[in-house]
Amino acid sequence: MTTVVQTVDDKQELTNLEQERQRKLEGLRELGIDPYPYKFERSHFIKDLIEKYKDLADEERTEDMVTVAGRVTNQRNDWMFVDLVDDTGKIQLFSDSKTRAEHLQQLFPLLDKGDHIGVTGKIRRTPRGALTIDMETVTVLSKTLKPLPEIVEGKRRRLGISDVETRYRQRYLDLIVNEKSKDNLYKKAILMREIRNFLDSRDFVEIETPILNTEAGGAAAKPFVTHHNSLGVDLTLRIATELHLKRLAVGGFERVYEIGRIFRNEGMSIKHNPEFTSIEVYWAYTDVYDMMGLTEEMVRYVAQKVTGSEIVNYQGTELNFSKPFRRVTMQELVKEHTGKDLVGKALNDAFEHHCEEKLIEPTMVYDYPIEISPLAKKHRDKPGFVERFELFIYGRETANAFSELTDPQDQRQRFEDQAKERAGGDDEAHVFDEDFVNALEYGLPPTSGMGLGIDRLAMFLTDSASIRDVIAFPTMKPL
RNA sequence: GCGUCCGUAGCUCAGCCCGGUAGAGCACUCGGCUUUUAACCGAUUGGUCCUAGGUUCAAAUCCUAGCGGACGCACCA
């Protein structure tokens, strides 16, 4: 009974446009057409046709039969002109309503914008210069039951989504109608591939480490907590990959990295998503200065691979990755902007308040106070400091690196200091990881390590204002 | 967490200040036209005005509360 009631309700909730498409779906089935077939063989991707016939003159016809498949994004003059889009591009289709074949006469009234079709016909260029396929046969590949979202601008109407929330909640729609959205994710995929290429070619290996842990370490952040039923224990989702990767370094992996999802139970903003992707790299027998070079080289390399240039435009500001990144100590910067000589947490506070946002061009800030760096090695000749740098781009912290702390006794002391801070109410202080200290007691060679926010770098390289624009399915409040 | 703004047809919005039959464009459907690319011309269809309560003869409009969302600020990579 419940089901019947719901069915009736559902039907009533269908909009006119949806009812119309439902009617057409039934019409297709009455003609013996399967609206959801299994497979379709095409002869070309649309991009390949555009390339192959780029020299075809206006009004010139060919006898070349081609077969393409894609989604109908527009239709004019009673399906005389149709725009078809596949993963690679867009092409026009043509069919004269006076002379078209019978099966097309029957089919077109049952099609809608948004439907997937396969088309076979001869290719030509129209007098107005549009590369066009004269439709001889059309195959329905998927009937859409809902209209694609459109944006109205005056009397103008085009595919698009004006509601930001819909773009993120129903990313599939966003991807259909917004080229930029698809391009962003495509470029992020290239970014990750090229980071791997860069590191792999330097004999680094990628190893996966656990997401589920009994304690979340390696960073100062609040974790998500979950529960393992059969073990009967609470587990936390990782907030960094650091401590496991260094265990791998203890075990003999001299060049190791991981690109992985990190989870932090903190606020959301244009720059923060609760789950995001980091890369951490550990390189044995090198120090933080070697890592500066590797990081700079890597960022420059991927900028070129992703955007085709080492100079990119971000939100109207030029970011130049081609020249050597500025290298400056935190103390120098604070002095430059405030005139003060500071140390410790006061130095870091002053840096965050007065300097960070001014670091627009890629800048390596180095020599950090020891108090805020419990996993970094003490500075070899600057008491109270550690050997650490952070890369700032457009005022945003993008990478963080240090000469890794390899002295197990020092590490134990640092964890103890953090434990005191935690006892004092700082719930983001680092958690004491006894097994990690134990690992160090078996010997970690001199090692530099670096972590970088992939999403943030992706934002710069895709000119995206929000981190949500480079994450396919950003975290959303449940409806 | 604090502040500002928004919620009316499938979509984009007007109407709200100053209460009096629910509007426009586009989309859809039908008809006409036929080499377009915002096609064009004509007609029709389409509404829980976010929800609940209050004031009133009468509420999309005024009042209260709630729900949902956007943006800014604060915290965090």
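Side chains included, hydrogens not; waters and symmetry mates left out as well; all remaining heavy atoms used. Keep in mind the model is a prediction, meaning the values are calculated, not measured.
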Does any nucleotide pair with [N] by Watson-Crick or G-U wobble geometry, both distances under 3.5 Å, and what is it?
N: B:G3; answer: B:C71
N: B:A65; answer: B:U51
N: B:G20; answer: B:C57
N: B:C11; answer: B:G25
N: B:A39; answer: none
N: B:U44; answer: none

Write down the distance between [atom1] ([X]) and [atom2] ([N]), rounded to a whole number of angstrom.
X: A:L110; N: B:C28; atom1: CG; atom2: C1'; answer: 15 Å
X: A:F94; N: B:U35; atom1: CZ; atom2: C1'; answer: 6 Å
X: A:L148; N: B:C26; atom1: CG; atom2: P; answer: 20 Å
X: A:K146; N: B:G10; atom1: NZ; atom2: C1'; answer: 12 Å
X: A:R23; N: B:C28; atom1: CZ; atom2: C1'; answer: 10 Å
X: A:E18; N: B:G46; atom1: CD; atom2: C1'; answer: 13 Å
X: A:Q19; N: B:U44; atom1: CD; atom2: P; answer: 21 Å

Sugar-phosphate only, base, or nothing, as touched by A:K24 at under 4.0 Å among non-hydrogen atoms: sugar-phosphate
Sugar-phosphate, base or nothing in reach of A:R396, heavy atoms under 4.0 Å: nothing
Among A:D134, A:T62, A:T132, side-chain hydrogen bond (donor to acceptor under 3.5 Å, both in side chains) partner for A:R124: A:D134
Residues from [range] lying under 4.0 Å of RNA chain B - heavy atoms:
range: residues 270-280 of chain A; value: A:K271, A:H272, A:N273, A:F276
range: residues 66-87 of chain A; value: A:N74, A:R76, A:N77, A:M80, A:F81
range: residues 45-56 of chain A; value: none

Considering only NZ, NE, NH1 and NH2 on the basic side and carboxylate oxygens on the acidic side, decide whether [X] and [Y] come within less than 4.0 Å.
X: A:E179; Y: A:K90; result: no
X: A:E26; Y: A:R23; result: no
X: A:E280; Y: A:R238; result: no

A:Q106 atom CD, neighbour heavy-atom count above 12 within 6.0 Å: yes
Neighbour count above 12 (heavy atom, 6.0 Å) for A:H353 NE2: no
Side chains of residues 364-372 of chain A: which donor-acceptor partners sit under 3.5 Å, not counting sequence neighbours?
unit_1: A:D367; atom_1: OD1; unit_2: A:H379; atom_2: NE2; d: 3.2
unit_1: A:D367; atom_1: OD2; unit_2: A:K382; atom_2: NZ; d: 2.9
unit_1: A:Y368; atom_1: OH; unit_2: A:E390; atom_2: OE1; d: 2.9

A:R396 to A:F460, cation-pi by 6.0 Å centre distance and 45° axis angle: no
P gap between B:G42 and B:C49, integer Å: 31 Å
Atom C1', compared across B:G47 and B:A14: separation rounded to whole Å: 15 Å
Exam field: side chain A:R171 to backbone A:F473, donor-acceptor pair closer than 3.5 Å: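 Flag not set: sc A:R171 to bb A:F473 has no pair under 3.5 Å.
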Within the 6.0 Å centroid threshold, strictly below: A:F389 and A:F325: no
Show me the side-chain donor-acceptor pairs of residues 81-89 of chain A shorter than 3.5 Å, one per line, residues at least two apart or across chains.
unit_1: A:D83; atom_1: OD1; unit_2: A:R76; atom_2: NH2; d: 3.3
unit_1: A:D83; atom_1: OD2; unit_2: A:R76; atom_2: NH1; d: 3.1
unit_1: A:D86; atom_1: OD1; unit_2: A:T88; atom_2: N; d: 2.6
unit_1: A:D86; atom_1: OD1; unit_2: A:T88; atom_2: OG1; d: 2.7
unit_1: A:D86; atom_1: OD1; unit_2: A:G89; atom_2: N; d: 3.0
unit_1: A:D86; atom_1: OD2; unit_2: A:I46; atom_2: N; d: 3.0
unit_1: A:D87; atom_1: OD1; unit_2: A:K182; atom_2: NZ; d: 2.4
unit_1: A:T88; atom_1: OG1; unit_2: A:I46; atom_2: N; d: 3.3
unit_1: A:T88; atom_1: OG1; unit_2: A:K47; atom_2: N; d: 2.9

Closest nucleotide among [options] to the [X] side chain:
X: A:R61; options: B:U35, B:A70, B:U37; value: B:U35
X: A:L17; options: B:U34, B:C28, B:U37; value: B:C28
X: A:E20; options: B:U37, B:U35, B:U29; value: B:U29

All salt bridge (charged side-chain N to carboxylate O under 4.0 Å, His left out) counterparts of A:D433, not counting sequence neighbours: A:R247
Nearest heavy-atom neighbours spanning A:T307 and A:L461: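 Closest approach of A:T307 to A:L461: CG2-O, 3.4 Å.
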